[in-house]
Amino acid sequence: MPQPTVDPYDPQAIEAKWQRIWEERKQNEVRENPDRPKYYLCEMLPYPSGDLHVGHARNYTLGDVIGRFLRMRGNNVLHPMGWDAFGLPAENAAIQRGIHPREWTAHNIANMRRQLRRLGVAYDWSREIDTSSPEYYRWTQWLFLMMYRRGLAYKKEAPVNWCPNDNTVLANEQAEGGVCWRCGAKVERRLLKQWFFGITAYADRLLAGLETLPEWPDRIKTMQRNWIGRSEGHTVSFAVEGASGDRIQVFTTRLDTIFGATFLAVAPEHPAVQVLSGGTPQRATVQAFAEELKDKSELDRTQLMAKQGVFSGGYALHPITNARVPVWVTNYVLATYGSGAVMGVPAHDQRDLEFARKYALDVVQVIAPPADQNQPPSGEAFVDDGVLLNSGEFDGLTSAQARVRIGAALAAAGNGEATVNYKLRDWLISRQRYWGAPIPFVNCPDDGLVPVPEDQLPVLLPDEAPFTGVSGSPLESVPSWLNVTCPKCGGPAKREAETMDTFMCSSWYFLRYLSPHDSKAAWEVDDAKYWAPIDRYIGGAEHAVLHLMYARFFYKVLNEAGLVPGDEPFLRLFNQGLVLGENNERMSKSRGNVVGIDAMADTHGADALRVFEMFAGPPDADFPWSTAGIAGATRTLARIWRLVLAHPGCCKDPAASDADSGGDREVRYAIHAKIKQITDELGDRMHLNTCVAAIMTLLNELEAHAGVRENDRSRQNIHEGLRALVLLLAPFAPHITEELWERSGGTGSVHVQAWPSYDATALVRSSLPIVVQVNGKRRAAVFCAPGSSEEDVVALAMRESTVTAQLDGKTVRKRIFVPDKLLNLVVG
RNA sequence: GGGCACGUGGCGAAAUUGGCAGACGCGCUGGAUUUAGGUUCCAGUGGGGCGACCCGUGAAGGUUCGAGUCCUUUCGUGCCCACCA
């Protein structure tokens with residue numbers, strides 16, 4: 001039969017058409033609706049760096065497929081988008097190219113918004129936010145004041161990480177590995193007065209909360225646990241010889257080794273250093289050593305330099321034996337962890353052993369290896385638990401027993417207590433840069449630090465500031481902004497000339513989406529009660545200890561303030577994999593392997609881009625870009641286009657036609673098996689790649705059947721299949737399905753249709769293939785009715801020559817029978 | 001040095017619980033249509049063998065009627081952490 005000629009598939013025309021219509025209809029805007037189960041879906045908000053590439057497209061398409069699917073399943077889906085718009089690159093652009101950060105940022109946002117629309121993502125754009133707008137950062141400042149009111153924001157002088165390239169301090173999390181997270185410059189140490197948030201007070205709550213998040217990747221939870229670094233041990237107090245009252249506190253997890261402590265090691269910043277060296281011949285040496293280390297970062301001290309130290313000139317007294325213990329000033333003890341002092345137990349700590357050997361300090365063994373363990377080779381410390389010796393009355397105890405008993409003895413004497421330490425430090429929040437939310441405080445000569453009253457928020461960023469890149473905050477050079485009156489006394493005062501870490505802006509943005517235009521509050525508590533927490537949060541693993549930790553901390557505080565329900569913001573977390581360049585390397589401008597969204601949408605269409613990216617691999621795994629692969633997706637869509645349009649009216653409501661659920665069982669089985677498979681895999685399992693494969697398989701089968709028979713009945717089956725195909729494909733390829741739906745008699749938008757449900761009776765098979773194995777190797781498959789007995793299947797199997805050939809002259813010793821699946825004959 | 005992932009055709013990959021390894025797509029080969037190419041369509045495509053069959057999921061062992069899947073050892077790749085006392 002001659003096929004009617006149809007228009008060729010023209011993705012650019014279709015995509016532009018529907019993007020315009022969806023926008024006119026406000027199709028993707030969503031309101032609170034108590035009658036439908038809510039689903040809050042969110043991707044981590046992007047930094048507007050300029051251009052989106054296919055890696056971004058993957059991330060956002062992933063969310064869009066899930067969102068569209070859930071909407072068709074009846075959920076009230078909130079899926080918003082916004083911009084993490086403060087930050088250094090905008091300011092660097094200003095320094096390098098003379099463009100105002102605001103202008104640069106706005107330009108990038110406009111471009112990226114256009115690209116996301118072009119991708120067809122169903123965001124509710126009426127809720128779009130920009131963290132650099134005064135309407136937004138007003139509330140960031142308000143939350144800063146809330147933290148201050150709750151005693152969680154404070155200013156103190158501390159050794160901090162300083163990036164000499166970006167001229168700003170960095171949080172610990174942003175200086176991992178001793179390099180700046182943004183520019184990679186080596187971080188220096190400086191003693192500065194800075195603002196902090198008291199995240200360490202929440203360390204245990206942050207740890208405990210992880211246990212309530214089964215749908216977070218274990219990898220991320222492990223990284224957070226490691227970063228929090230909870231460590232149980234004891235603080236032990238050593239008296240300083242000859243200085244009554246002065247004591248040195250050390251933290252140890254190995255109290256059982258205390259009789260082996262032959263020296264104390266302290267950081268050069270430790271306050272006891274002055275006391276110990278004062279009046280001794282070592283004084284000058286100690287000061288020179290401290291001076292040398294002063295500006296060195298932890299990376300420099302602990303990894304780039306060998307262990308070294310100098311004798312402080314003084315001694316401490318062992319809290320149990322009262323022995324004289326020399327105190328050494330070293331580079332390997334961190335000033336910022338524990339108390340900045342440790343007891344050196346060279347026999348049972350590898351680091352202490354290295355140090356003791358270098359400086360000929362005593363090594364005293366106090367732990368014997370347990371019976372089933374050997375002494376370590378010479379040169380290595382025995383660091384495991386064992387049995388105590390050379391430990392006075394505690395000899396013979398196991399390490400575990402000794403920790404308890406010695407702990408009790410020290411506590412009784414007032415020389416020690418059980419302590420928990422954390423690697424996590426308080427969050428350094430202030431930045432000496434322009435393009436951020438100003439810290440809403442005023443310095444008054446009389447009243448000190450005074451918070452800006454809430455009704456005077458926002459503290460606006462001044463429009464102009466010198467963007468020179470030289471040290472110091474640019475805001476300090478804007479007198480008209482800097483000089484104000486004190487809110488308390490009305491006298492002359494100066495603003496805090498610093499801005500907040502941008503991670504502060506992104507710690508709460510997902511709540512602003514809920515009430516984006518509210519001018520009375522950061523968000524309505526009722527809206528939060530309806531929408532929060534985020535049901536599915538999608539983003540990269542690089543934020544494991546930055547954004548994801550800060551936001552959890554923030555949310556716990558907000559919960560205590562009664563502003564949000566629950567105490568975890570992200571119920572399910574999903575880390576998508578990277579799209580690598582065609583050469584299998586990470587996409588980057590410098591490698592020249594970046595593939596942009598616009599280029600792909602121009603040549604293949606946004607739908608093909610989406611389908612290919614969902615198809616190319618499992619969503620949590622990396623895969624390399626393939627331009628040949630996207631061409632395949634275009635081909636598949638064109639086949640669907642032709643097949644659907646060759647069957648006019650196939651998307652009509654089947655209830656309105658004279659549908660007959662009978663017909664060709666083969667076709668109906670194929671259709672309904674795929675509906676079931678795709679529904680299952682798109683839901684909790686998130687196997688989006690196999691969903692696309694299943695759609696392709698369904699297409700293959702429908703195509704094959706459409707070619708063979710042409711009668712009313714078979715055509716009805718094909719129509720049923722094509723209608724399902726369009727609906728199943730709709731989340732992946734929203735434009736082509738909308739067009740096909742419209743052209744084929746569908747009513748309304750395809751994206752608000754009910755997700756197809758499968759007909760269980762179509763899945764009932766009259767005969768099933770049962771695999772027959774001999775000694776575990778497949779020899780045949782026999783077809784029989786579901787529920788057939790073992791005997792029946794054996795009888796059928798014995799008719800297969802490929803089976804009997806293997807049984808020739810042997811006896812069947814054992815039969816394994818899995819009903820409806822498998823028969824294994826074991827012969828000897 | 002420690003931790004966590006992951007190793008399957010020429011390539012991207014699939015394989016809920018241990019039960020037909022390689023679905024689906026790319027690429028490739030041959031053919032049809034067109035013919036200038038492309039598009040489209042058909043057939044084939046893990047290796048070996050004429051064949052019945054044999055081999056095959058980084059490597060080596062083990063458990064099991066049966067292992068890509070579980071266990072042990074080992075090699076390789078990637079990511080994270082790393083003198084935290």
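Only a predicted model underlies this, so the values are computations on that prediction, with no experimental measurement involved. Naming: A, B, ... by sequence-line order, numbering from 1 per chain.
- Remark: B/U72 base-pairs with B/A60. Criterion, Watson-Crick or G-U wobble with two distances under 3.5 Å.
- Checking B/C20, B/C53, B/C65 against the side-chain heavy atoms of A/Val771 singles out B/C20 as nearest.
- Of the P atoms belonging to B/U29 and B/U63, the separation is 47 Å, rounded to the nearest Å.
- A salt bridge links A/Asp204 and A/Arg230; the closest N-O separation between the charged side-chain nitrogens and carboxylate oxygens is under 4.0 Å.
- Taking side-chain N and O atoms only, A/Asn226 has no distance below 4.0 Å to OP1 or OP2 of B/C80.
- Under the Watson-Crick and G-U wobble criteria, each requiring two contacts below 3.5 Å, nucleotide B/G51 is left unpaired.
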Sort me out a list of protein N/O and nucleotides 27-38 of chain B N/O pairs below 3.5 Å, or just none if empty.
residue	atom	partner	partner atom	Å
B/G27	OP2	A/Arg635	NH2	3.2

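- Atom C1' of B/C28 sits at a distance of 48 Å from the matching atom of B/A82, rounded to the whole Å.
- Residue A/His687 has a polar side-chain atom (N or O) positioned under 4.0 Å from OP1 or OP2 of B/A15.
- In this structure, the CG atom of A/Leu729 is 15 Å from the C1' atom of B/C24, given to the nearest Å.
- Nucleotide B/C24 holds its P atom 15 Å from the CD1 atom of A/Ile640, rounded to whole Å.
- Taking the O4'-C1'-N9-C4 or O4'-C1'-N1-C2 dihedral as appropriate, B/G9 has a value within 90° of 0 and is therefore syn.
- In this structure, A/His604 places its NE2 atom 12 Å from C1' of B/C26, rounding to the nearest Å.
- Here B/C24 presents its C1' atom at 13 Å from CG of A/Leu698, a figure rounded to the nearest Å.
- Using the Watson-Crick or G-U wobble rule with both distances under 3.5 Å, B/C41 pairs with B/G31.
- Along RNA chain B, the nucleotide nearest A/Leu825 and the nucleotide nearest A/Arg779 are compared for position; the residue whose nucleotide lies closer to the 5' end is A/Arg779.
- With B/G12, B/A85, B/C20 as the candidates, the nucleotide lying closest to the side chain of A/Phe623 is B/G12.
- Note on A/Asp352: nothing from the nucleic acid sits closer than 4.0 angstrom, heavy atoms only.
- In this entry the distance linking CG of A/Asp256 with C1' of B/A85 reads 13 Å, nearest Å.
- Comparing the C1' positions of B/G68 and B/C20 gives a spacing of 14 Å, expressed to the nearest Å.
- Contact record, A/Pro11 with A/His604: CG-O, 3.9 Å, taken as the closest heavy-atom pair.
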- Should A/Tyr422 and A/Trp227 be marked as a ring pair (Phe, Tyr, Trp, His ring centres under 6.0 Å) after you check the CA-CA gap, both sets of side-chain angles, and the distance that decides it? CA-CA 9 Å; A/Tyr422 301 92; A/Trp227 191 261; over 10 Å; no
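- Within the 4.0 angstrom heavy-atom criterion, only backbone atoms of the sugar-phosphate kind lie near A/Gly632; the bases stay farther away.
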- Message: Checking A/Phe355 against A/Phe263 for the ring pair (Phe, Tyr, Trp, His ring centres under 6.0 Å) test, could you report, in this order, the C-alpha distance in whole Å, the side-chain angles of both residues, the deciding distance, and whether it holds?
- Response: CA-CA 10 Å; A/Phe355 190 79; A/Phe263 65 96; 5.5 Å; yes
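- For the pair A/Asn700 and B/G25, the criterion of a side-chain N or O lying under 4.0 Å from OP1 or OP2 is met.
- Aromatic ring centres of A/Trp328 and A/Phe289: separated by at least 6.0 Å.
- Both A/Gly617 and A/Ala805 sit near RNA chain B, but only A/Gly617 has its closest nucleotide nearer the 5' end.
- Searching all strands for a Watson-Crick or G-U wobble partner of B/G1 with both distances below 3.5 Å returns B/C81.
- Using atom C1' as the reference point in both B/U33 and B/C26, the two lie 24 Å apart (nearest Å).
- A/Thr802 comes within contact range of the sugar-phosphate backbone alone, with a heavy-atom separation under 4.0 Å but no base atom that close.
- A/Thr252 comes within contact range of the sugar-phosphate backbone alone, with a heavy-atom separation under 4.0 Å but no base atom that close.
- Note: A/Leu213 CG to A/Lys221 NZ = 6.5 Å, rounded to the nearest 0.5 Å.
- Between A/Tyr337 and the phosphate of B/A85, there is a side-chain N or O to OP1/OP2 separation shorter than 4.0 Å.
- In this structure, CE on A/Met614 lies 6.5 Å from CZ on A/Arg58, to the nearest 0.5 angstrom.
- B/A60 and B/C53 have their P atoms separated by 26 Å, given to the nearest Å.
- Closest to the A/Asp349 side chain, of the nucleotides B/C65, B/C53, B/A85, is B/A85.
- Using modelled atom types and a 3.5 Å distance limit, the side chains of A/Arg639 and A/Asn700 yield a donor-acceptor pair.
- Closest to the A/Pro769 side chain, of the nucleotides B/C79, B/G25, B/C20, is B/C20.
- Residue A/Asp622 is classed as a sugar-phosphate contact, given heavy-atom separations below 4.0 Å to backbone atoms only.
- Regarding contacts with the backbone of B/A23, every side-chain N or O of A/Thr690 stays at 4.0 angstrom or more from both OP1 and OP2.
- Taking the ring axis of A/Phe238 as reference, the NZ or CZ atom of A/Arg247 does not stay both within 45° of it and closer than 6.0 Å to the ring centre.
- Comparing B/C65, B/C79, B/C20 by their closest approach to the side chain of A/Asn824 singles out B/C65.
- Ring planes of A/His348 and A/Phe382: perpendicular class, angle over 60° (limits at 30 and 60°).
- For A/Lys307, the side-chain atoms get nearest to B/C83 when compared with the rest of B/C79, B/C83, B/A85.
- Nearest to the side-chain atoms of A/Val342 among the listed nucleotides B/A85, B/A14, B/C24 stands B/A85.
- The phosphate of B/G19 (OP1 or OP2) has no side-chain N or O of A/Lys821 nearer than 4.0 angstrom.
- When Watson-Crick and G-U wobble pairs are counted only if both distances are under 3.5 Å, B/C26 pairs with B/G10.
- B/G66 and B/A15 have their P atoms separated by 25 Å, given to the nearest Å.
- With B/U16, B/A13, B/C65 as the candidates, the nucleotide lying closest to the side chain of A/Val826 is B/C65.
- B/G58 and B/G10 are spaced 13 Å apart, taking the P atom of each and rounding to whole Å.
- Between A/Arg642 and the phosphate of B/C41, there is a side-chain N or O to OP1/OP2 separation shorter than 4.0 Å.
- With B/C41, B/C65, B/A85 as the choices, the nucleotide that has an atom nearest any side-chain atom of A/Arg639 turns out to be B/C41.
- Nucleotide B/A36 has no partner under the Watson-Crick or G-U criteria, as no pair reaches both atom distances under 3.5 Å.
- A donor-acceptor distance shorter than 3.5 angstrom exists from the side chain of A/Thr804 to the backbone of A/Ser801, with no hydrogens or angles considered.
- For A/Arg225 and B/C4, the shortest distance from a side-chain N or O to OP1 or OP2 is not below 4.0 Å.
- On the P atoms, B/U74 is 28 Å away from B/U17, given to the nearest whole Å.
- Within the 4.0 Å cut-off from OP1 or OP2 of B/A21, not a single side-chain nitrogen or oxygen of A/Lys777 is found.
- Across every non-hydrogen atom of A/Pro346 and A/Asp362, the tightest pair is CG-O, 3.2 Å.
- At a threshold of 4.0 angstrom between heavy atoms, the contacts of A/Ala616 are confined to the sugar-phosphate backbone, with no base atom among them.
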